[in-house]
Amino acid sequence: MKQRYSALTRDLDWTPDYVDPARVFPYTTFEGIKVHDWSKWEDPFRLTVDAYCKYQAEKDKRLYAVLDGFAQGQGHLSLSDASYLNAMKLFLQGVTPLEYAAHRHFAFLARYYNGPGPRFAALCQSIDELRHTQTEIHTLSTYNKYYGGMHSWPTMFDRVWYLSVPKSFFDDAMSAGPFEFLIAISFSFEYLLTNLLFVPFMSGASFNGDLPSMTFGFSAQSDESRHMTLGLEAIKFLLEQDEANVPIIQEWIDKWFWRGYRLVALVAQMIDYMLPRKVMSWKESFELYFEQQMLGGLFKDLEFYGITPPRHVEHAIAEKEILSHQVYWTLYSFSYAAAFTTTLPDPAHRAWLREQYPDTFDKYYRPLFDRAAAIQDGGGRFWFKGLPQLCQVCQIPMVFTEPGDPSTLCQRESVYRGERYHCCSDGCQWIFDREPEKYVQAWLPVHQIYQGNCGGPTVPDVLAWYGIQDGDAGEYLGSLDHADWQRWHAAAPVGS
């Protein structure tokens with residue numbers, strides 16, 4: 001089997017002698033990475049194409065059987081609450097397009113890596129990511145028949161303000177070199193951060209009655225395990241090839257840890273606020289999957305190569321007490337321009353938040369929700385009037401606070417060629433100052449709205465340009481989804 005695997009993968013490689021190799025593989029030298037022996041690459045997938053396709057086909061058969069049964073049995077009514085769907089809207093709008101972007105760029109790398117090992121690994125991951133895109137779309141298509149906010153997700157991904165956060169992350173990675181992309185996606189995102197998305201969130205889907213998303217999540221998790229193995233193999237391969245690679249890779253780890261950490265801020269609020277039935281808090285998942293498994297395990301192993309924990313990791317650890325609250329309050333304040341609805345935490349939810357965050361929730365964030373609740377009791381609804389300032393790097397509104405002081409907003413400024421640019425944190429400022437010529441080109445949604453490039457000068461103009469329709473956004477208790485949810489359950493037969 002080993003010989004057959006080698007014959008169908010490695011032995012299909014050849015060295016071109018009629019064309020300069022630099023023309024065949026033009027992208028793997030300009031980053032400064034030195035590779036002396038491509039044959040040292042250890043394949044993490046260990047599958048031939050035919051075996052891989054048969055294996056994935058079996059998983060797809062099981063998944064689509066679940067989707068068919070769920071749709072035929074009106075499974076969308078078995079969810080814990082209509083508000084749960086807000087998390088899945090955000091997942092479809094923000095995560096699914098990332099899967100497709102990863103498919104495209106790994107296909108590109110499958111052509112342009114010099115060695116047959118990484119080329120084949122990139123090919124398999126490209127197919128994986130396309131499969132994930134398709135299965136996520138099919139998984140959520142049943143909900144799209146009944147609920148709003150899921151109909152224009154490709155358009156929204158390119159235009160909506162909060163989706164510029166994941167889009168800018170992948171645009172940044174895809175416009176980097178081939179080795180930096182591999183560290184950004186296969187190591188920093190897939191290995192360091194993917195468990196924070198797939199494991200607690202998909203467990204939350206199961207706990208909230210979302211059988212299709214749970215089935216998809218665990219179907220994808222076996223693929224993610226291979227992707228994480230690819231990330232670990234990639235970093236060890238590059239570190240072992242030449243000592244000069246170590247400082248380059250260390251800077252990439254520093255950069256992409258922080259970029260990925262800012263991206264999963266959206267996941268933090270999904271776990272703490274958008275799941276009606278809680279599985280674990282963001283703080284618990286961060287401590288388990290990042291602090292214990294990554295910092296306590298992986299980086300101990302990488303010390304052998306001279307790799308240290310990521311720059312600014314201490315700031316991320318300090319923010320675990322406050323991150324989800326800051327992000328959700330921002331989404332609550334601006335959800336009139338989002339394709340999902342938001343609501344205030346009820347008394348039971350607030351009690352849970354107080355239990356999970358005893359040092360921060362009551363002191364800093366409960367007063368905000370109390371104020372919004374008083375406005376709601378008076379027949380109104382709290383909205384932030386105006387547009388927020390955005391971070392030039394992560395493109396999240398400037399909602400984060402100074403390290404060690406949750407009462408003071410953090411704002412950093414850098415000047416480049418006479419222009420002043422703003423960042424939300426020391427981590428984002430360090431990334432900007434390292435490559436300012438890249439980030440000054442950022443397409444910032446708020447700037448584009450003010451410049452008149454988003455459909456028109458009024459909120460309805462912008463929402464129409466986003467692809468957001470009446471009923472997609474607003475207050476949850478007054479949303480069409482909630483009204484339909486109540487009407488359908490009232491009409492359901494007794495005992496169903």
Side-chain angles (χ1 to χ4, degrees), residues 1-17 21-53 55 102-129 173-174 176-192 194 222-253 256 298-299 301-302 304-307:
M1 290 180 65
K2 187 175 181 180
Q3 291 175 344
R4 182 172 179 270
Y5 170 76
S6 179
L8 291 172
T9 56
R10 298 297 184 89
D11 290 356
L12 294 177
D13 186 45
W14 67 89
T15 302
D17 54 13
R23 291 183 59 195
V24 181
F25 305 110
Y27 301 112
T28 51
T29 55
F30 73 87
E31 295 172 292
I33 292 292
K34 297 179 174 64
V35 177
H36 303 292
D37 187 357
W38 286 96
S39 68
K40 296 296 184 182
W41 177 277
E42 291 292 334
D43 293 342
F45 284 78
R46 300 294 175 90
L47 289 170
T48 58
V49 172
D50 61 338
Y52 169 82
C53 291
Y55 175 65
H103 150 69
R104 289 179 56 211
H105 207 69
F106 274 109
F108 175 85
L109 298 182
R111 159 61 181 86
Y112 284 109
Y113 278 135
N114 301 54
R119 283 204 300 268
F120 185 71
L123 172 65
C124 289
Q125 180 145 351
S126 176
I127 302 171
D128 269 352
E129 303 292 5
M174 293 171 72
F179 292 118
E180 183 178 347
F181 179 86
L182 201 60
I183 299 302
I185 305 305
S186 292
F187 182 71
S188 291
F189 188 77
E190 298 277 13
Y191 203 95
L192 295 185
T194 193
S222 59
D223 299 340
E224 299 297 340
S225 298
R226 289 200 306 275
H227 301 173
M228 288 188 283
T229 306
L230 171 60
L232 189 58
E233 168 53 33
I235 195 168
K236 288 187 175 181
F237 169 76
L238 295 175
L239 291 171
E240 290 171 356
Q241 284 294 304
D242 198 292
E243 289 186 6
N245 294 343
V246 175
I248 300 173
I249 293 171
Q250 179 69 62
E251 282 208 352
W252 287 343
I253 291 174
W256 288 103
L298 174 64
F299 279 97
D301 295 338
L302 293 179
F304 173 79
Y305 299 97
I307 295 296

Next on the checklist: I'd like to check His105 versus Ile185 (side-chain heavy atoms, cut-off strictly below 4.5 Å). Are they in contact?
Outcome noted: no
Checklist entry - So do Glu180 and Glu31 actually touch side chain to side chain, heavy atoms under 4.5 Å? => result yes
Item to check | Within-4.5 Å side-chain heavy-atom neighbours: Phe187 and Leu238 | outcome: no
Checklist entry - What's the spacing between Ile249 CD1 and Lys236 NZ if we round to 0.5 Å? => result 13.0 Å
Checklist entry - Quick check: are there more than 12 heavy atoms from other residues, nucleotides or ligands sitting under 6.0 Å from CD of Glu243? => result no
Item to check | Aromatic plane relationship, Phe237 with Trp41 - under 30° parallel, 30 to 60° tilted, over 60° perpendicular | outcome: perpendicular
Checklist entry - Relative to the ring of Phe106, is the ring of Phe181 parallel (under 30°), tilted (30 to 60°) or perpendicular (over 60°)? => result perpendicular
Checklist entry - Taking atom CZ of Phe30 as the centre, does the number of heavy atoms from other residues, nucleotides or ligands within less than 6.0 Å exceed 12? => result yes
Checklist entry - Within the side chain of Gln241, is there an N or O that forms a donor-acceptor pair under 3.5 Å with the backbone of Asp37? => result yes
Checklist entry - Do Pro118 and Glu233 have side-chain heavy atoms sitting under 4.5 Å apart? => result no
Item to check | 4.5 Å side-chain heavy-atom contact, Asn245 and Tyr305 | outcome: no
Checklist entry - When you measure from the side chain of Gln250 to the backbone N and O of Ile307, does any donor-acceptor pair fall under 3.5 Å? => result no
Next on the checklist: Tell me whether the rings of Tyr112 and Phe108 are parallel (<30°), tilted (30 to 60°) or perpendicular (>60°).
Outcome noted: tilted
Item to check | Arg111 vs Val24 side-chain heavy atoms within contact, under 4.5 Å | outcome: yes
Next on the checklist: If you apply the rule side chain to side chain contact (heavy atoms under 4.5 Å, CB included), what do you find for Tyr52 with Leu123, and how did you get there?
Outcome noted: CA-CA 11 Å; Tyr52 169 82; Leu123 172 65; over 6 Å; no
Next on the checklist: Less than 4.5 Å apart, side chain to side chain, heavy atoms only: is that true for Arg104 and Met174?
Outcome noted: yes
